[in-house]
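First comes the structure, then the notes that go with it.
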Amino acid sequence: MDTVKTVLKDIPKFAVVGHPNKGKSSIVSTLTRQDAVSISEVSGTTTQAQGFTCSVDGVPLYELVDTPGFQRPRQVLEWLQQHVNNASQRAEAVQAFLSEQQGKENSRYKDEVELLTPIMAGAGILYVVDGSLPYTPEFEAEMSILQWTGQPRMALINPIGGEVYVEQWQAALSQFFSIVRVFDPMTANEQKKSALLSAFAELHEPWRKNIEQALERLQDQQAKLDVQSAYLVAECLSSILSEKQHIKVPTQFVESTLKKQLSKQYQQALRTYENQCWQQLQSLYALTRLQTHAHQLEADFPDLFDQSSWYLFGLDRKKLVGLSTAAGAASGAIIDAGVGGASFMAGALTGGLVSGLASLAATMKTDGLKIKGVPVAGKQLSAGPVKDPAFAFVVLGRQLDFLDVISTKNHGDRVAVAVQERGMSHRLDRLSKKQQVQLTRLLHKASKGLSQSETGQLAELIGLLRHSVG
Ligand SMILES: Nc1nc2c(ncn2[C@@H]2O[C@H](COP(=O)(O)OP(=O)(O)O)[C@@H](O)[C@H]2O)c(=O)[nH]1
Ligand SMILES: [Mg+2]
């Protein structure tokens, strides 16, 4: 028990302070990777200091304290100035201020007390300003108070609406803070987050070791997440591409209705696999709040069976034909595409290519979508799997686009997810020719289901196709 307590007590702690509505809570959320932090466009939402710990596998690494903003810094500074004779007493004056106010029922300086308490208890300071608004001397009072605490401190310029005044801020801030950095909690990537953590290590020597360990653990976790998420996507692809649905044919039936029902059932099953995969990715990356955006995401992201969107995710015809031929998967699917075998291949391979939607629609064979065969009473009618490589690449492209968004989303960025379609052709360039053919072969095989080792191979290739890689 004691050791755990010691570890918890010793982790570096930083109080995130500043004016209201400058992105303090967003920074806490992004850097602790926690969705539990309240972020609001309504200023004054945070009324109490609240600590959030960044942990990996239950091991606490560091803590950030979210605080209300300064409300009356000038009055507080005046009070402090009246209670010191010389600079050596400044920290004591801040402590005296806290002691006096803490006893009061309705202190006018409630917010200042909330934000100064963790600092005087030993926390470092992260002072947050908005780089899109000009610096004014008004801020000097709060910066002075922070300086008076004597605690290690760093300033973060959050370019909420742009970087127009960043230089001006830098000049002013560097007089009060040993380190000044620009940090955007919405868009910062892993590298920027790591760079900021490294700066924390510079701030106060006794924290260096913990921060370096934290950095290592976070990088390690990131690498594990990359592997796990690619495996999730590989499993999802395998499920979608091998899915079959059956329907019993009654003695009395209307053929078209029966087929429609089966087709609907089949499509729904595939959508469910996609949705489950997305949910799993969200929980893997601990983006629990995104769950509440699920409906919006579904509304924005084209439906899997919206054929007009397939060109966004799939491969162009030339690439598809080339790869399928090399993978030995071209056989029925592409040649039967309704364009006529030889001429289609010739057309595809001698240039004259139609890119995008038209080419994909021409290539796409919707066997699994239309139900083959005539229903016979007492027998089963079945749908799926879709064996067309074009469809496999569409499914893969969709999952990759989603994975890219989820795996790079900051916790402090609460804007609903918008999936950017990046297209498969560009991604495939990251693979060697041999790997591209291997991928095509695996996708083709997926209609019969993949073995565990094949799923592993697919996952490895998926890892290489991610946007965040390379
Ligand atoms: N566009 C943009 N909005 C931001 C950024 N940081 C914070 N916000 C938004 O500004 C508002 C206030 O953010 P919050 O973190 O709650 O600020 P706090 O009051 O200082 O804790 C929220 O609506 C945030 O989504 C940023 O870097 N860019
Ligand atoms: Mg806040």
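Remember, it's 1-based here, ligands and their atoms both numbered in the order they're listed.
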Please list the nearest protein heavy atom to [atom] with its residue and the distance rounded to 0.1 Å.
{"atom": "atom 17 (O) of ligand 1", "result": "Gly23 N, 3.0 Å"}
{"atom": "atom 19 (O) of ligand 1", "result": "Asn21 N, 2.8 Å"}
{"atom": "atom 26 (C) of ligand 1", "result": "Met186 CG, 3.3 Å"}
{"atom": "atom 15 (O) of ligand 1", "result": "Ser26 OG, 2.6 Å"}
{"atom": "atom 24 (C) of ligand 1", "result": "Ile39 CG2, 3.8 Å"}
{"atom": "atom 2 (C) of ligand 1", "result": "Ile160 O, 3.7 Å"}

Pairwise distance [atom1]([X]) to [atom2]([Y]) - rounded to 0.5 angstrom:
{"X": "Leu315", "Y": "Leu323", "atom1": "CG", "atom2": "CG", "value": "6.5 Å"}
{"X": "Glu190", "Y": "Asp226", "atom1": "CD", "atom2": "CG", "value": "9.0 Å"}
{"X": "Phe391", "Y": "Trp310", "atom1": "CZ", "atom2": "CH2", "value": "5.5 Å"}
{"X": "Leu116", "Y": "Gln95", "atom1": "CG", "atom2": "CD", "value": "9.5 Å"}
{"X": "Ser407", "Y": "Lys409", "atom1": "OG", "atom2": "NZ", "value": "12.0 Å"}

| query | Which is it for Asn158 and ligand 1 at heavy atoms under 4.0 Å: side chain, backbone, both or neither? | reply | side chain
| So which bit of Ser40 gets within less than 4.0 Å of ligand 1, heavy atoms only: side chain, backbone, both or neither? | backbone
| request: Give the ring-plane orientation class for His204 versus Trp207, where under 30° counts as parallel, over 60° as perpendicular and anything between as tilted. | output: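 Ring orientation of His204 relative to Trp207: perpendicular.
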| Taking N or O atoms only and a 3.5 Å limit, does Ser38 qualify as a polar contact for ligand 1? |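 No; every N/O pair is 3.5 Å or more apart.
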| query | Quick check: does Pro159 get an N/O under 3.5 Å from an N/O on ligand 1? | reply |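 There is no such contact.
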| field | Qualifying ring pair (Phe, Tyr, Trp, His ring centres under 6.0 Å) pairs with a residue from residues 122-151, counting only residues at least two apart or across chains | value | His19-Phe139, Tyr127-Phe177, Tyr135-Trp169, Phe139-Trp169
Closer than 4.0 Å to some heavy atom of [X] - which atoms of ligand 1 meet that?
{"X": "Lys22", "answer": "17 (O), 18 (P), 20 (O)"}
{"X": "Pro185", "answer": "6 (N), 27 (O)"}
{"X": "Asp184", "answer": "26 (C), 27 (O)"}

| Centroid-centroid distance, Phe14 to Phe200, less than 6.0 Å |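 Distance test on ring centres: under 6.0 Å, yes.
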| query | Is there a donor-acceptor contact under 3.5 Å linking the side chains of Gln221 and Gln219? | reply |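 The criterion, which ignores hydrogens and geometry beyond distance, is not satisfied for Gln219 and Gln221.
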| field | N, O or S atom of Ser40 closer to the Mg ion (ligand 2) than 2.8 Å | value | no
| message | Check whether Ser309 reaches the backbone of Pro302 with its side chain - one donor and one acceptor, N or O, closer than 3.5 Å. | response | no
| query | Is any heavy atom of the protein nearer than 4.0 Å to atom 28 (N) of ligand 1? | reply |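 Given the 4.0 Å cut-off, atom 28 (N) of ligand 1 counts as touching protein heavy atoms.
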| query | Hey, is atom 22 (C) of ligand 1 under 4.0 Å from any protein heavy atom? | reply | yes
